[in-house]
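Notes for the one structure printed next.
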There are 2 protein chains.
Amino acid sequence: MRFETSTIKDIAKALGLSTSTVSRALRDRYEISDETKKIVLAYAEKVNYRANPIARSLKERRSYSIGIIVSEIANNFFSQVINGIESIAYANDYHVIISQSHESHEQEKLNVEHLASRSIDGLLIALSSETQDIDYLRDLYAKGLPIVFFDRVPDNFETHKVIANNFKGSFDATEHLILSGKRTIAHLTNSETLSNTKERLEGYKAALAKYHIEFNEELVKFCQHGGMHSAELEHAVKQLLPLKPDGIFISSDRLTTGCIMALKKTNPEVAHKIAIAGFTNSNLVELFSPSLTTVKQPAFEIGQVATELLISMIEAKRPVTEFETKILDTELVRMQKNLGNRFL
Amino acid sequence: MRFETSTIKDIAKALGLSTSTVSRALRDRYEISDETKKIVLAYAEKVNYRANPIARSLKERRSYSIGIIVSEIANNFFSQVINGIESIAYANDYHVIISQSHESHEQEKLNVEHLASRSIDGLLIALSSETQDIDYLRDLYAKGLPIVFFDRVPDNFETHKVIANNFKGSFDATEHLILSGKRTIAHLTNSETLSNTKERLEGYKAALAKYHIEFNEELVKFCQHGGMHSAELEHAVKQLLPLKPDGIFISSDRLTTGCIMALKKTNPEVAHKIAIAGFTNSNLVELFSPSLTTVKQPAFEIGQVATELLISMIEAKRPVTEFETKILDTELVRMQKNLGNRFL
DNA sequence: AAAAACTGTGCAATCGTTCCCAAAAACGTA
DNA sequence: TACGTTTTTGGGAACGATTGCACAGTTTTT
């Protein structure tokens with residue numbers, strides 16, 4: 001801010017003390033007498049003194065803020081994660097700086113580097129769907145920047161990670177489709193390189209195996225751009241339909257809504273005949289038609305846990321060497337046949 | 001960051017120059033000889049020198065970053081606005097810091113003050129629905145912090161403002177309901193204190209007047225918390241239904257989805273009989289059932305225009321005294337009878 | 001040839017804090 | 001009283017960058 005606020009120097013001058021005394025009094029250090037503390041605190045209160053975080057950052061080489069990288073804030077899952085992050089961060093006197101990668105590796109890298117240069121104390125990141133090369137993160141990590149991955153995590157990077165139980169979530173959703181009588185179940189999913197894509201594919205396969213349904217590679221469609229381009233989705237749907245699936249299991253928020261949209265747009269006559277189960281944290285699913293079964297990730301909790309781990313790394317006195325990967329359970333919300341479908 | 005990067009001092013030492021010379025060379029000042037500049041630039045490049053933004057902020061008392069306050073990022077309208085803001089900010093070498101007020105005045109104030117203390121160069125803000133007292137913003141503004149309001153703007157504050165054409169948007173939506181034969185049209189809206197609530201109410205009234213439909217105060221329900229509490233919404237819906245409305249015009253994103261949800265939950269048998277028109281920027285409306293007519297705000301553009309105005313204020317050499325209120329047109333998206341309703 | 005002007009560089013202060021190191025004051029003990 | 005401790009305070013150097021001012025050395029002007 002280009003305008004004047006009162007500083008520690010002003011207080012020192014006004015009270016006839018030195019800046020060091022004032023600084024210590026404000027931080028409630030043991031060396032300062034209670035009397036002096038009281039005077040300083042009272043005066044600081046009176047002039048509405050606020051420590052300048054910029055100056056403090058420069059001096060302490062830390063900023064009490066943590067950086068967040070997600071692909072899109074306009075995504076229910078990520079905005080819920082962010083709320084979880086904020087809840088823990090604020091409680092521990094950290095602030096957060098949010099950046100969007102828009103699923104672009106280049107943008108992700110730029111954002112991370114800018115955050116790093118602004119002295120963030122730690123980084124929470126869900127990789128973009130494009131990202132494969134994470135050497136730039138390795139460099140920062142090696143230089144001492146604590147990093148915790150969530151949702152989309154690399155497998156060859158030793159640090160804390162927090163994810164949903166993607167395997168079980170997918171298994172449950174696929175099993176649900178099978179138990180409601182479906183036999184030709186397609187799987188629409190994200191970029192093949194993402195960690196959760198792999199895990200979800202495994203869950204899907206496992207459910208098929210359990211019920212002795214043969215896995216058919218053709219029924220699996222990967223979307224490199226994660227539903228960011230509707231053309232990509234429509235293309236995938238167009239390829240799937242000739243195989244006459246009676247169910248589709250979809251593995252991401254954006255793909256789930258995008259797929260239904262594509263179905264309604266290109267093949268409205270079959271949209272309501274295919275059972276759909278998909279990952280999504282949208283709080284509007286109850287309004288959707290056709291209605292669907294959803295796998296909900298514990299987004300808020302993922303944010304909380306990731307932040308707790310990050311703060312523990314930041315505040316650790318000695319380098320952390322034991323890392324954990326926390327896996328949080330998803331929730332299967334079954335399609336509500338009675339609502340949505342009946343009254344239209 | 002707590003780890004070492006090369007500084008201007010390191011370069012100076014390595015090259016046998018003074019820090020001032022290095023600083024000037026890096027900023028391409030005329031006083032420095034081309035030869036020296038070349039040497040410095042080459043070396044800086046080699047050691048991958050990055051100016052420390054924290055140090056620069058402290059010295060220059062500005063940060064090349066702008067603060068954003070919205071109520072919720074998990075709101076399509078706001079996340080689209082943010083994307084618009086980012087597009088202009090990045091193009092002008094500013095970074096953005098996003099904060100959420102969660103419709104709480106207290107939180108809003110805390111966030112603004114934290115942003116201010118972090119030397120943001122300007123502020124873009126949509127007031128929380130609770131906010132009535134904006135004296136704290138006045139103080140900051142008086143001290144020199146440029147502020148641009150968008151979407152929810154105060155009427156007694158002289159600065160740039162950017163809003164959608166709320167009057168016309170509401171008028172169009174209400175007229176649409178009238179033209180499709182509805183005569184008892186309820187209006188569900190936000191906190192009475194918000195600027196856009198007033199404007200939208202006027203548009204609603206004007207449309208009724210045009211078609212000689214008497215305005216009935218009982219048909220208007222205000223929601224203080226803007227749909228953040230489902231109980232509030234359900235209560236409003238419960239009060240409206242006995243009046244037998246055949247149409248409802250809803251004036252905000254969250255209320256629109258919340259109202260449909262409440263209708264389906266509490267009175268599923270009438271949910272499909274009442275025509276709904278509402279403000280929303282959700283990109284999922286095509287999936288909704290019952291389907292509805294929507295008023296879409298030019299969110300991305302609002303963000304862009306607001307940011308342009310803010311940057312012009314920040315970079316103005318002399319205090320700005322001429323302010324404008326930009327009003328951008330909304331778009332009416334009529335309900336698609338053929339989709340959504342037919343196949344279920 | 002002396003004075004004036006211009007070039008290119010360095011010194012040192014500054015932004016607001018924190019913190020090491022010393023020094024002063026207060027106290028206790030012999 | 002003199003000395004050693006403990007408690008409380010102040011001086012001043014950082015942190016990394018910018019910039020007004022001074023000062024050489026060179027060039028131009030008169």
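In what follows, chains are A, B, ... by sequence order, proteins preceding strands, each numbered from 1.
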Exercise for the section: Please list residues of residues 52-59 of chain B whose heavy atoms come under 4.0 Å from any atom in DNA chain C, ordered by number; otherwise none. Expected result: L58(B), K59(B)
Exercise for the section: Heavy atoms of chain B, cut-off under 4.0 Å: which first and last nucleotide of DNA chain D, 5' to 3', fall inside that, if you could look? Expected result: dC15(D) to dG20(D)
Exercise for the section: Would you please name every residue forming a side-chain contact (heavy atoms from CB on, under 4.5 Å) with E31(A), sequence neighbours left out? Expected result: R24(A), R29(A)
Handout entry: S71(A) side chain reached by S101(A) side chain, heavy atoms, under 4.5 Å
Key = yes
Practice task
Describe, as an angle rounded to 10 degrees, how the axis at the first end of the helix from dA1(C)-dT30(D) to dA30(C)-dT1(D) is tilted relative to the axis at the last end, five pairs per end.
Solution key: 60°
Completion exercise
To the nearest 0.5 Å, atom CD of E108(A) lies from atom CD1 of I134(A) at 9.5 Å
Exercise for the section: Kindly compute the distance separating CG (L137(A)) from CD1 (I147(A)), expressed to the nearest 0.5 Å. Expected result: 5.0 Å
Fill in the blank from the handout: Sorted by chain and residue number, the ring-ring contact (aromatic ring centres under 6.0 Å, His included) partners of F149(B) (sequence neighbours excluded) come out as F157(B)
Handout entry: Side-chain heavy-atom pair Q100(B), I82(A) within 4.5 angstrom cut-off
Key = yes
Handout entry: Residue pair E103(A) / E130(A), side-chain heavy-atom distance below 4.5 Å
Key = no
Completion exercise
So ring pair (Phe, Tyr, Trp, His ring centres under 6.0 Å) across residues 15-44 of chain B, not counting sequence neighbours, yields none
Handout entry: Pairs touching residues 89-108 of chain B that satisfy ring pair (Phe, Tyr, Trp, His ring centres under 6.0 Å), sequence neighbours left out
Key = H114(A)-H95(B), Y90(B)-H95(B), H105(B)-Y136(B)
Practice task
List in numerical order all residues of residues 29-46 of chain B for which some heavy atom is under 4.0 Å away from an atom belonging to DNA chain D.
Solution key: R29(B)
Exercise for the section: Compare all side-chain heavy atoms of I97(A) with those of I66(A) and state whether any distance is below 4.5 angstrom. Expected result: no
Exercise for the section: Taking the side chain as every heavy atom from C-beta outward, state whether L140(B) and V112(B) have any pair of such atoms under 4.5 Å apart. Expected result: yes
Exercise for the section: Taking the side chain as every heavy atom from C-beta outward, state whether I314(A) and R62(A) have any atom pair closer than 4.5 Å. Expected result: yes
Practice task
Would you please test K13(B) and D10(B) for salt bridge (charged side-chain N to carboxylate O under 4.0 Å, His left out) and show each step?
Solution key: CA-CA 5 Å; K13(B) 198 178 298 173; D10(B) 300 332; 5.5 Å; no
Completion exercise
Sorted by number, residues from residues 15-27 of chain A placing a heavy atom under 4.0 Å from DNA chain C are S20(A), S23(A), R24(A), R27(A)
Problem - Minimum side-chain heavy-atom gap N52(B)-T7(B) below 4.5 Å - result: no
Please tabulate, one pair per line, all N/O donor-acceptor pairs under 3.5 Å involving side-chain atoms of residues 302-311 of chain A, not counting sequence neighbours.
| unit_1 | atom_1 | unit_2 | atom_2 | d |
| --- | --- | --- | --- | --- |
| Q304(A) | NE2 | S87(A) | OG | 3.2 |
| T307(A) | OG1 | G303(A) | O | 2.6 |

Problem - Partner residues of S57(B) under the side-chain contact (heavy atoms from CB on, under 4.5 Å) criterion, sequence neighbours left out - result: I54(A), R118(A), S63(B)
Exercise for the section: Could you check S20(B), S18(B), S23(B) and say which one makes a side chain to side chain contact (heavy atoms under 4.5 Å, CB included) with I8(B)? Expected result: S23(B)
Fill in the blank from the handout: Span of DNA chain C engaged by chain B, first through last nucleotide within the 4.0 Å heavy-atom cut-off, is dG8(C) to dG16(C)
